[in-house]
Every structure is written in C-alpha cells, then in structure tokens.
Amino acid sequence: MTRTPVNVTVTGAAGQIGYSLLFRIASGQLLGQDTPVRLKLLEITPALKAAEGTAMELDDCAFPLLSGIDITDDPNVAFDGVNVALLVGARPRTKGMERGDLLEANGGIFKPQGEAINAHAADDVRVLVVGNPANTNALIAQQHAPDVPADRFTAMTRLDQNRAYTQLAKKLGVTVNDIKKLVIWGNHSATQYPDLFHAEVNGKNAAEAVNDQAWIENEFIPTVAKRGAAIIEARGASSAASAANAAIDHVHDWVNGTPEGQWISAGVVSDGSYGTPEGLITSFPVVAKDGRFEIVQGLEIDDFSRARIDASNAELAEERDAVRSLGLI
Ligand SMILES: NC(=O)C1=CN([C@@H]2O[C@H](COP(=O)(O)OP(=O)(O)OC[C@H]3O[C@@H](n4cnc5c(N)ncnc54)[C@H](O)[C@@H]3O)[C@@H](O)[C@H]2O)C=CC1
Ligand SMILES: O=C([O-])CC(=O)C(=O)O
C-alpha cells in the first residue's frame, strides 16, 4: 500500500450508526480497496471509553487498509487534516419526538464543528451530515466554514432514496437493479418528496408503470417519508445499519462518480434551481462527476410534484429561520 491514507473523521463514533459505519469504512467500502484510511473518532467526553472499545474491535479486525485510529473529544483535533467528515453525532429522535424539537438540541453541536472544519480541514474536505435534522445541521456547519467551498457540505437523503427503491421494486415485482433515477427532493423529514415521475423502471416511466395514483399518494410517498418513524416504532431505536449503508453509498458515489444514466439524491446547497430558495441545503437529483455533485437540470415539474417540493423547501426555510433566530447562523 503506497498511497497516503485518507483521513476520515466520524463524529458520534460510539453511537449505533458509528458501530455499523466504522467497520465498513475500515474494510474499504467507503473509498475503495486501494485506499488506506486513517480514522479519527470524535465523541463527547463521557463516551470516549465506549469509542475506545469500538477502536479495540477495529484493531481486532486487522483491516489491511486501516492505517491508524485517533480518538478525541476535541473537534479541533478530530478535524485536523480531515478529507472526509461524516457528521453523525447528534441526539437521535426518540419515540413521539418531532424533528422540530431537535433543532435547538442539535444546533449547538454543528456550529463548533463547522468552525473546526474551517480552521483545520484539508483543502479537499468533503462533509456529509447524517445527524438530524440533517439538512439544517449541514447548513449550520456550512455557515461556520466560510473558507470551505459551500458545495463541500452535504446532507444525507440517500437512505430515503434506498427506501424508495425497495418500496417501488416490491410494488412492481422487479428488483432494485431494474430501477433508475428515483430520487428524493427536499428535507430529510416527513415532508420529503420521493419522485416517481422522473424515475425509470426497465427504461419505462415509473409512475406510468405503477399506473396507480392513489398508491403513489397514499402509500408510496407516506411509507418512504415516514419510514424512519416506523423503524423507531418497530425497533425501539432509529435506523442504524441502513443509515450507515446510505452514508457509504453517498460518499462512495461522490468520490467515484455516478454511473452514466444514473441519478442519486443528496442534500446540497441550492443554487436556486427549480425555484428552491438559494442557500438552503436541500435534496435534489444529482450526478457526481470529477468529485463534485451537479444538480440535474431541465426537468419538467408538474403541479403534483411542484406542490410537494415547495412544501418541503418551505419547511427547510422555516428551520433556517428558526436557527437564525437562535443565533446559530
Ligand atoms: N439522515 C438520515 O437519513 C438519518 C439520520 N439519523 C440521525 O443520525 C444521528 C445519529 O444516530 P445514532 O447513531 O443512532 O445515535 P446514537 O445516540 O446511538 O449516537 C449518537 C452519538 O453521538 C454522540 N455525540 C453527541 N454529541 C456529540 C458531539 N458534540 N460530538 C461528537 N459526538 C457526539 C453521542 O455521544 C452518541 O454516541 C441521529 O441524529 C439520528 O437521528 C439516523 C438515521 C438516518
Ligand atoms: O428519525 C430519525 O431519527 C431517524 C431517521 O432520520 C431515519 O430513519 O430516517
């Protein structure tokens, strides 16, 4: 292995997503089998011992690509030289708790992390925010990192996309491999809009293949949008392995590019495309090329989709206004 290791920082490393994510990163699934990684684990002080336990287990895997592990409770240390930052650590939503309640609890975490990324990250840093409310947490971090290009800050809606793939595949009796361009617009919340109207199933329009508007409106969209709550209800804890899997997908595609003819979903800083308020971090159909996400342009948006995209972005604008009034941005 001659390449310099890539520094990957994971916050909330002792949490349940961290426990799924770290082993996959160390095994090469994030960046590929020819890329060594150095892991930097950020935790709050009381959870450092648990993070050390996870690090002991990582050691015990003897991963050939894992060149070292640092554990710290100081964001300035954790983000020193970071190339890929996975901001997972946050307070998860618990049963009966609304996403809006999380804004204040989590906002304070992402401001100092944005500042530390600004001060210490490598020039090529890429940031994925997983911790909820992911889009607005990403906005807070991004706003506190003025020296980092804004397009390096992203929020995760890939789990929502993956959920949508399986729901559609089950409905049509196909496999996820038969589906393309099925993407999420808006917020990672119950207002998100999984879009069947631009998706393809074996080359045909997905909404036409379904041919059941009532199913799209009353089953597909709510099932995908409320899946996080359904998992909490069933498991007594929020999605963890599937969230880690989506984080791997997101960064892997960001770095390696999306296959020709495929789109993916990512929360990226809006340039005003599709009437979305500029500056919000909101999910679009994107392609990854040369290490950058590009918003897919020129799609026709009918009234049904328009209403839903606008509603989700209005929610994000409210979240932005709320964190602004709390002095977090
Ligand atoms: N965007 C998405 O699709 C999804 C997002 N999530 C979110 O991911 C987040 C993490 O979920 P879990 O791992 O299940 O939670 P968890 O509670 O098991 O772990 C969170 C960890 O973050 C740590 N932490 C808290 N504040 C921190 C700080 N300032 N710096 C570093 N670490 C800190 C905690 O000590 C804890 O170990 C939650 O906000 C959850 O809602 C979960 C599933 C999907
Ligand atoms: O709601 C939560 O905390 C977990 C979550 O984001 C999801 O599963 O989509």
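Because the structure is predicted, anything quoted here is derived from the model rather than measured. Order of appearance sets the numbers: ligands from 1, and atoms from 1 within every ligand.
Residue-to-ligand polar distances place Asn132 within reach of ligand 2: an N/O pair is separated by less than 3.5 Å. Checked by distance only, ligand 1 and His188 come closer than 3.5 Å through their nitrogen or oxygen atoms. Not one N or O of Thr11 is nearer than 3.5 Å to an N or O of ligand 1, by distance alone. The shortest N or O to N or O distance between Gly18 and ligand 1 is not under 3.5 Å. Looking at Ser239 next to ligand 1, no N or O pair under 3.5 Å apart turns up. For ligand 2, the polar-atom distance check against Ser239 finds a nitrogen or oxygen pair separated by under 3.5 Å.
The contact set between ligand 1 and Gly12, taken as ligand atoms under 4.0 Å from a residue heavy atom, comprises 21 (C), 22 (O), 23 (C), 31 (C), 32 (N). Taking a cut-off of under 4.0 Å to the non-hydrogen atoms of Leu159, the atoms of ligand 1 that pass are 3 (O), 44 (C). The ligand atoms of ligand 1 that sit less than 4.0 angstrom from a heavy atom of Ala14 are 37 (O). Counting atoms of ligand 1 from 1 in the listed order, those under 4.0 Å from a heavy atom of Val88 are 8 (O), 9 (C), 10 (C). In summary, the atoms of ligand 1 found under 4.0 Å from a heavy atom of Ile109, numbered by their order in the structure, are 26 (N), 28 (C), 29 (N). Using a 4.0 Å cut-off to heavy atoms of Gly228, the atoms of ligand 2 that qualify are 7 (C), 8 (O), 9 (O). Those atoms of ligand 1 that come under 4.0 Å of a heavy atom in Ser238, given as number and element, are 14 (O).
Using a 4.0 Å cut-off between heavy atoms, Met156 makes no contact with ligand 2 at all. Only the side chain of Ala243 comes within contact range of ligand 1, with a heavy atom under 4.0 Å; no backbone atom does. Contacts between Asn132 and ligand 1 below 4.0 angstrom, taking non-hydrogen atoms only, involve backbone and side chain alike.
Residue contacts with ligand 1 leave out Ala240, since none of its heavy atoms falls under 4.0 Å from the ligand. Ligand 2 does not have Arg227 within reach: every non-hydrogen atom of the residue lies 4.0 Å or more from it. Within the 4.0 Å heavy-atom cutoff, Gln113 counts among the residues contacting ligand 1. For Arg235, the heavy-atom gap to ligand 2 stays at 4.0 angstrom or more.
Asn135 and His188 share no side-chain donor-acceptor pair at under 3.5 Å. No side-chain donor from either of Asp249 and Gln161 sits under 3.5 Å from a side-chain acceptor of the other. Judged by distance alone, the side chains of Thr175 and Asn177 do bring a donor and an acceptor atom under 3.5 Å apart. Arg227 and Thr166 share no donor-acceptor pair across their side chains, judged by distance under 3.5 Å alone. Side-chain atoms of Ser283 and Gln192 form no donor-acceptor pair, as typed in the model, at a separation below 3.5 Å. No side-chain N or O of Thr223 forms a donor-acceptor pair with one of Gln167 less than 3.5 Å apart. For Ser305 and Asp302, the side-chain atoms include at least one donor-acceptor pair closer than 3.5 Å.
Counting only non-hydrogen atoms, the option in Gln16, Met156, Glu43 that gets closest to atom 16 (P) of ligand 1 is Gln16. Considering each of Asp74, Val129, Val130, Ile231, the one bringing a non-hydrogen atom nearest atom 5 (C) of ligand 1 is Val130. Selection from Ala243, Ser238, Ala240, Ala90 by nearest heavy atom to atom 4 (C) of ligand 2 gives Ser238. Considering only non-hydrogen atoms, atom 8 (O) of ligand 2 lies nearest to Arg163 out of Arg163, His188, Gln192.
Listed by first and then second residue, the side chain to side chain donor-acceptor pair (under 3.5 Å) pairs involving residues 57-67 are Tyr19-Glu57 (not counting sequence neighbours).
The aromatic rings of Trp263 and His198 sit tilted relative to each other, their planes meeting at an angle between 30° and 60°.
The same ILVMFWY cluster, assembled from side-chain heavy atoms under 4.5 Å apart, contains both Leu139 and Ile109. Both Leu41 and Leu31 belong to a common hydrophobic cluster when Ile, Leu, Val, Met, Phe, Trp and Tyr are linked at side-chain heavy-atom distances under 4.5 angstrom. Residues Tyr165 and Ile216 are members of one and the same hydrophobic cluster, defined by side-chain heavy-atom contacts under 4.5 angstrom among Ile, Leu, Val, Met, Phe, Trp and Tyr.
With sequence neighbours left out, Trp254 forms a ring pair (Phe, Tyr, Trp, His ring centres under 6.0 Å) with His250, Phe293.
Under the side chain to side chain contact (heavy atoms under 4.5 Å, CB included) rule, Val88 has a single partner from Val130, Leu42, Leu128, which is Val130.
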